[in-house]
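Okay, structure first, notes after.
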Number of protein chains: 2
Amino acid sequence: MGSSRDRPIADESRDANDADVRRQLIDAATVEFARNGFAGASTRAIAVRAGAHQPQINYHFSSKEALWRAVVDDLFTQLSSFLEPEGTFEDPVDEFRQWVLGLVLFSAERPELSRLIMHEAASYNDRMNWLVDSHVGPYLERRVRVWSSLKDRGLTEAIVDEFAYFALIGAITIPFCLMPHVERVHGPVDYDRATLERHAEGLVRAFLPGLDS
Amino acid sequence: MGSSRDRPIADESRDANDADVRRQLIDAATVEFARNGFAGASTRAIAVRAGAHQPQINYHFSSKEALWRAVVDDLFTQLSSFLEPEGTFEDPVDEFRQWVLGLVLFSAERPELSRLIMHEAASYNDRMNWLVDSHVGPYLERRVRVWSSLKDRGLTEAIVDEFAYFALIGAITIPFCLMPHVERVHGPVDYDRATLERHAEGLVRAFLPGLDS
DNA sequence: ACGAACCATTATCAATTGAACAAAGCGAGA
DNA sequence: TCTCGCTTTGTTCAATTGATAATGGTTCGT
C-alpha cells in the first residue's frame, strides 16, 4: 500500500493540489456512481480511482451523499453548457430542435448523468427529491410547456401527452445510457458530430411529424 | 396479490406453503431490486417485505444473486405472455406494431423489469452478462432484424440505425420506468387499455413515418 | 522563527451486509 | 408411535460499509 503507485499527487504539483483532489474525487465518483448506483459505489473504490485516500472524501465533502450531490451539480453544469442559449427562441420548433440536439450531444459525451438519474428515478428517495427540486423541476416544466405549444400547432405525434416528454427523454438518452449494449450488438460506433446531428434530426422529425419537410 | 402480507403462512395453507414462500420472496425481491438496485436491496429488507426470515432466502435460493436471477426469469416469463404470438407474422409492420403494443402494455403493468435492467445496464457486470446471454440476446437480434426489414421498405424514420432499437425501447419504457415523476408533473395518470393502445400507435407512427396512414 | 491553518495519512469505530450453522418444528409414511 | 426429510427459526460470523479520531507534515502570515 505504501508504494508510490497510488500516490495522489505528482511531485510537481505544489498548490494545484488544493482543488485538484476535489476534482479528482468528483470525476472518480461520477464514474463509480454512474456504474453502480449510490449504494453500489463504495467510498473506498471512489478514493482508489481518484488516487486518494478514503477519509479525504469526508474531509473535502461532508458525506457520501454530499459527494453525490456535488457530482450531480457538476454534471448539470456541463449539461447547461450544451443547452446554452436557452430561452432566446421565438419559434418553439427552433427551441425544440436545439434542445434535442444539445441533449443528444451531451448524452453522447457524458452518458453518466442519465445513468445516474436512472439509478435513482425508480423510486422517490431523498436523493431523487433533491434532484428534482434543485435541478430537474423547472427545467422539466419548460419542456412540457414547449411540447404543449407544439401540440397546439398540430405538429406533434399522437403520443399520449403525459408520456411525451419522458418518451422523448428515453429515446434520446437510452442509446447512450446503454452504450455497452449498443456496441455489443452493432460493434463499435463512432459519434462524429454529423452522425449525432443526423440522429437528433431524426428524433425531431419522429416526434414532430407535422414538420413534413 | 397476497392478502396476508406480514404473515409468512396463512392458517389454511397446508401444502400451499411449499412454493408459496418462494413466490412471496420473488415478489418482494422484485420490488426491492427494482427500487434500490441489486446492491441497494438487502436480503433482510426483502425477507421483511415477504413476511419471511432472512435465512430462508439462502435456503430456497442459494444466494442473493440466484434470487435476483429468479426474479428476472419470472419477469421475462410474464413479458413473454404479453408478446405471445411471436413469429407468426408475415408482415414485419404487423409484427412491429404488435411488439410495441405488447411492450407498452407490459411496461405499464410491470415497470419493474425495465427498472431492474436500467440498474444493471450502465456497465457490464456478471449479472448483466447473464441477462444478455440468457434473455435479451436473441430477442434483441430479432428486433434489429425486423427494424432492418422495415428500413428496407423505406418505412422507418431517419434515426441512426445503431440507435433505433434502443431509442424505441427508451421511448416505450422510460415513461413507465419513471412513473413517479410523470405523476409528479402531470398528477395521477390512468392507463385504460384504450389510452395505452393510443400511445403505442403514436410511437409506431413516430418511428415508422412511412406508414402515413 | 514561530504558530496557525490546512491537508494527508494511518488506524479504528459501530453498523450493516450476505451467508452459514445448529437446533427445533412439522408433516408423511412405515 | 416413531422416524425421516423438508422447512423454519434463532444465532452467529467474517467482510465491508461510511464515518471519525489522532497524528504528522507542509505552507503561509507575522
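Here is how names work: the chains are called A, B, and so on, in the same order as the sequence lines, proteins then strands, and each is numbered from 1.
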- Would you tell me if any nitrogen or oxygen in the side chain of B:H53 comes within less than 4.0 Å of OP1 or OP2 on D:dT11? no
- Heavy-atom contacts, protein to nucleotides 14-19 of chain D, under 4.0 Å, summarised as B (base), S (sugar-phosphate only) or - (none) per nt, yield ---BBB
What is the separation between atom [atom1] on [X] and atom [atom2] on [N], rounded to the nearest whole Å?
X	N	atom1	atom2	answer
B:Q56	C:dG25	CD	C1'	13 Å
B:W68	C:dA19	CH2	C1'	20 Å
A:F61	D:dT20	CZ	C1'	18 Å
B:F33	C:dT17	CZ	P	13 Å
A:D20	D:dT26	CG	C1'	17 Å
A:L25	C:dA8	CG	C1'	12 Å
A:N36	C:dT17	CG	P	18 Å

Output yes when [X] and [Y] qualify as a salt bridge under the 4.0 Å nitrogen-oxygen rule, no when they do not.
X	Y	value
A:D161	B:R198	no
B:D73	B:R69	no
B:E112	B:R35	no

- Query: Centre of A:Y139's six-membered ring, under 6.0 Å away, within 45 degrees of the axis: is that where NZ or CZ of A:R143 sits?
  - Reply: yes
Looking at [X] and [Y], would you say the former's side chain and the latter's main chain have a donor-acceptor pair under 3.5 Å?
X	Y	value
B:K64	B:S42	no
A:N125	A:R127	yes
B:R22	B:H60	yes

- Message: Below 30° counts as parallel, above 60° as perpendicular, anything between as tilted: where do the rings of A:W99 and A:Y165 land?
- Response: parallel
- Message: Can you pull out every ring-ring contact (aromatic ring centres under 6.0 Å, His included) where at least one residue sits in residues 175-202 of chain A? Sequence neighbours excluded, please.
- Response: A:F176-B:F163, A:H181-B:Y124, A:H199-B:F163
- Note on the structure: Axis-to-axis angle across the helix from C:dA1-D:dT30 to C:dA30-D:dT1, five pairs each end, nearest 10 degrees, ~ 10°
